[in-house]
> 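Dropping a structure here in structure tokens format, bear with me for questions.
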Amino acid sequence: MSQGKRAGSRRRAKCQRGFRPALLAYALGVTAAVLAWGYLVYAAIDFGTEARGGDSQAWAFLALASVGAVACLFLGLILVARILRALGLTRSPAPTAPSDTPAAAPPSGGGRRAAR
């Protein structure tokens, strides 16, 4: 093994193994959201058929079922993203600078050696 001042460990960090309750909760949440989405899509199709048949109240239920299906699908996608982040397959986005601050100046033409 190297003893220099820039020598680092040659081994990578150990991955956390074992049961993680947060991942189970996320997986159950995704399952519930996808099942609810499927049911609401089926209900929206049924309400749409009834609304076209002349039932005016079915239009309101169709709209509610459609909005609920969109919300369930969105929730499921958010939970999948959290699972991927918890597994280490994705990273959180880098923080961005607020828009009211001026942009950083571009780097000058030289570094320490140019300043000598």
Side-chain angles (χ1 to χ4, degrees):
M1 182 183 272
S2 299
Q3 297 296 327
K5 65 180 179 179
R6 291 191 174 93
S9 174
R10 299 275 183 212
R11 292 184 175 177
R12 67 179 181 158
K14 290 186 178 182
C15 295
Q16 183 181 2
R17 301 266 181 202
F19 179 70
R20 292 194 276 180
L23 288 178
L24 178 63
Y26 287 146
L28 290 175
V30 168
T31 304
V34 169
L35 287 175
W37 171 78
Y39 176 75
L40 287 170
V41 167
Y42 180 77
I45 292 170
D46 189 41
F47 288 134
T49 303
E50 289 180 21
R52 289 188 61 164
D55 186 6
S56 61
Q57 196 176 30
W59 287 107
F61 289 125
L62 171 64
L64 286 174
S66 299
V67 170
V70 169
C72 286
L73 189 59
F74 185 68
L75 177 66
L77 291 174
I78 288 174
L79 291 175
V80 166
R82 288 190 179 211
I83 287 174
L84 293 177
R85 187 171 300 161
L87 289 173
L89 299 175
T90 59
R91 294 185 208 150
S92 60
T96 58
S99 61
D100 59 348
T101 59
S108 62
R112 283 192 219 164
R113 291 186 71 178
R116 289 187 213 167

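These numbers were taken from a predicted model, which means no experiment stands behind them.
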> List for me each residue that meets side chain to side chain contact (heavy atoms under 4.5 Å, CB included) alongside Asp46, sequence neighbours excluded, and say none if there are none.
Glu50

> Under 4.5 Å side-chain heavy-atom separation, chaining through any Ile, Leu, Val, Met, Phe, Trp or Tyr, what else clusters with Leu84? Say none if it is isolated.
Leu23, Tyr26, Val30, Val34, Leu75, Leu79, Val80, Ile83, Leu87, Leu89

> Go through the structure and list residues passing side chain to side chain contact (heavy atoms under 4.5 Å, CB included) with Arg85, not counting sequence neighbours.
Thr90, Ser92, Pro93

> With heavy-atom distances below 4.5 Å as the criterion, would you say the side chains of Val41 and Trp37 are in contact?
yes

> Kindly state each residue pair satisfying ring-ring contact (aromatic ring centres under 6.0 Å, His included) with at least one member in residues 44-70, sequence neighbours excluded.
Phe47-Phe61

> How close do Cys72 and Ala36 get, counting heavy atoms only, and between which atoms?
SG-CB, 3.7 Å

> Remaining members of Phe74's ILVMFWY cluster at a side-chain heavy-atom cut-off under 4.5 Å?
Ile78

> Hey, could you give me the CG/CD1 distance between Leu40 and Ile45, rounded to the nearest 0.5 Å?
11.5 Å

> Taking side chain to side chain contact (heavy atoms under 4.5 Å, CB included) as the definition, give me every residue that meets it alongside Ser66, ordered by chain and number, with sequence neighbours left out.
Ala44, Leu62

